[in-house]
Amino acid sequence: MSSTHKLPISRPAIGVVGKTGYWRLKRPEVNYVKCIKCGICWLYCPDSSINILGDPSKYVEVDYNYCKGCGICSNVCPVKAITMTEE
Amino acid sequence: MTAANILARAACLAGLWSQTYPFFGAERRGAPVSASVRISKDRIRSKYIYIQPDVAIVLDHKLYNPVNIYQSVKEGGIVIINTPFKVVKSYKHKVFYINANEIARKLGLFFAGWSLVNMPMLGAFSKVTGLVGLEHVIQSVREYIHGELAELNVEAVKLAYNEVYEDE
Amino acid sequence: MVIKVLTGNYTVAEAVRLSNVDLITAYPITPQTTIVERLSELVEGGLIKARLVRVESEFSALAAAYGAASCGARAFTATSSHGLLFMHEMLWWVAGSRVPMVLAVVTRALGPPWNIWNEHTDFMGQRDCGWLMAFAENNQEILDTIIQLYRITEDEAVYLPGILGLDGFLLSHASEPVDIPDEDVLKDFIKPRSQPYNMCSDDVLTMGNLPMAEEAMMMRYDIHKSIEAAKNVINEVDEEYRKLTGRSYGGLAECYRCNDSKYLIIAMGGWVGTMKDVCDELRDEGYDVGVLKIRFFRPFPHEDLVRAISGVKGILVFDRSASLGSLGHIHAEVLARAYMLSNKVIVKGVITGLGGVDVGPKEVREIFMRFVKDVDEDGQIDNISEWVLGGG
Ligand code: SF4
Ligand code: SF4
């Protein structure tokens, strides 16, 4: 790709708008005892800040560098395994 | 439309410029249709539909009231009519007759129950006007129509060329 | 070189064959239908080595062509009237993402009332999309301009799609002798496909992601500048084509007998041919008149216009479309430029030929004579934008 034009093109990258973790007021904490490994939180996170590790004791993990603390994961978790705690 | 295009190509072969227009919006089999052809020594630049022809080719004497045709053709112009008999006379035009249906019947030129009379009419046109030679019409017919049908049509063109006659 | 008697639509298909197109999308609409019919015959017969995709709507026709073009295919489609309106949103996508391709628009009126005949309103409705917009005067120019448009749109200074307009029926269904160049002649003229980026390469890209406001405006500005930059490219390509085929169209506009003219007729499309004939007659009768043919509406030939109108007393612009409640589209462009130069020149617009109304030499001459009388006798005109209806 070589052009002097101003093109509406971008490349996918991690954290293109910076570390959005700094925005966070509340912090999602996963209770791995309650977690049933459904992956719904991973699917819903608007910032792709939840990674699936697949580990039997730690199925999902929040990436706090980018988690902005919106609480969507906590809301959609079918067994209420994610609680939003004060930072 | 096919006949108009074949005539336009024949003119091209005769070293002339040409342009054709269909009568817009009515290109349906069974409906009355018309097409126009402009032929010129020079490239034809004008682009408009209205035409007052010097020559009219009437593919069926029953379809159009010959009187209306006479009104649309320039005074002193030529009208060539496919008809088995003489029709209403015009004192302002030169009128020619050709029984193209009979030619089509003799040669077995039929499609979906219709006699194919458009090619012989071009033969008559060539003879009457002298604008394009018989050989140009024949070559153009061979370019547009292929196989056995081409030769039958060429035969029809030749017959009409020889049989067309003027109203006395 | 071979001369064939072809309709405008068949000529479009010939041009596509000569342009080494890879992908054609086809959805029929009168009076465009015989373009895609002919193309499918040519593809079927192996005369065009392209893929022809039949789609379920005009929106899809452009979407599919766009997708293929963004992945490196030289693409073509064609439409008319309501089909073009249905495509309209996709036109913005193609131009906004800077993907070159060519679209033929066979101009036709818009309903209601239902009308299949010619006018330029559908074409003009795409004015602001960022496409280059050319219009042909005759079948030969259809052939030559489509071939040229692939070169122009794929030039790296431009990288924008292009439309070729042709008058419905008046050109699309009229047969004329057309000089078809040999593939050999065009061998070096037709270049390999060129585009700014490829969405199907290994370089993973996202197109159209949310930009900052300033970035978005920069992208619009870049399209604007690229349309301006296309002027040079159009002129160069016209010159290169002339060297190969002997045919030149003056680039963006053609000035016919413009030199020392007191009166100038300005128009676009098939009826320009009629106006040239009328111009010859009027010159023979002693009128100093010339015809400026608008060949490209985008970019608009401002420089040619400025050159042509210096010293002119009266300009008569014919539009086959109208911005309802305002002016004819070409008239508005001409007025703006003319008054930037001088406020002395009289610029009258005539809107006629809509809905298929036939405009021949008789009508052109009548309108012109009336204009000359107003300008010469009164030094002014009553009606700056006049609708000349048919049937009178
Ligand atoms: S709080 Fe919001 S941003 Fe953070 S992990 Fe949950 S859904 Fe993602
Ligand atoms: S939604 Fe709740 S249960 Fe499902 S994976 Fe996430 S934390 Fe576990």
Donor-acceptor pairs under 3.5 angstrom involving side-chain atoms of residues 80-87 of chain A: please list them, not counting sequence neighbours.
residue: A:Lys80; atom: NZ; partner: A:Asn75; partner atom: O; Å: 3.2
residue: A:Thr85; atom: OG1; partner: A:Arg27; partner atom: O; Å: 3.2
residue: A:Glu87; atom: OE2; partner: A:Arg24; partner atom: NE; Å: 2.7
residue: A:Glu87; atom: OE2; partner: A:Arg24; partner atom: NH2; Å: 3.3

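The part of C:Ala157 that comes within reach of chain A is its backbone (N, CA, C, O), which places non-hydrogen atoms under 4.5 angstrom from that chain. Contacts between C:Val99 and chain A at a heavy-atom distance below 4.5 Å are absent for every atom of the residue.
Going from atom NZ of A:Lys6 over to atom CD1 of C:Ile223 covers 12.5 Å, rounded to the nearest 0.5 Å. The distance from the CG atom of C:Leu205 to the CZ atom of A:Arg11 is 5.5 Å, given to the nearest 0.5 Å. Rounding to the nearest 0.5 Å places CG of A:Leu7 at 10.5 Å from CE of C:Met207.
A pairwise comparison of heavy atoms in C:Gly96 and A:Pro8 identifies O-CG, 3.3 Å as the closest pair.
No more than 12 heavy-atom neighbours from other residues, nucleotides or ligands sit within 6.0 angstrom of CD1 on A:Ile14. Under a cut-off of 6.0 angstrom, the local environment of NZ in A:Lys26 is sparse, with at most 12 non-hydrogen atoms contributed by other residues, nucleotides or ligands. Around atom CD1 of A:Ile52, more than 12 heavy atoms belonging to other residues, nucleotides or ligands sit under 6.0 Å away. The environment of OH in C:Tyr221 is sparse: at most 12 heavy-atom neighbours from other residues, nucleotides or ligands sit within 6.0 Å. Annotation for A:Lys37: atom NZ counts as buried by contact number, over 12 foreign heavy atoms lying within 6.0 Å.
Using a 4.5 Å heavy-atom threshold, the side chains of A:Thr4 and C:Glu156 count as separate.
At distances below 3.5 Å, not a single donor-acceptor pair connects side-chain atoms of C:Asn209 with backbone N or O atoms of A:Ser10.
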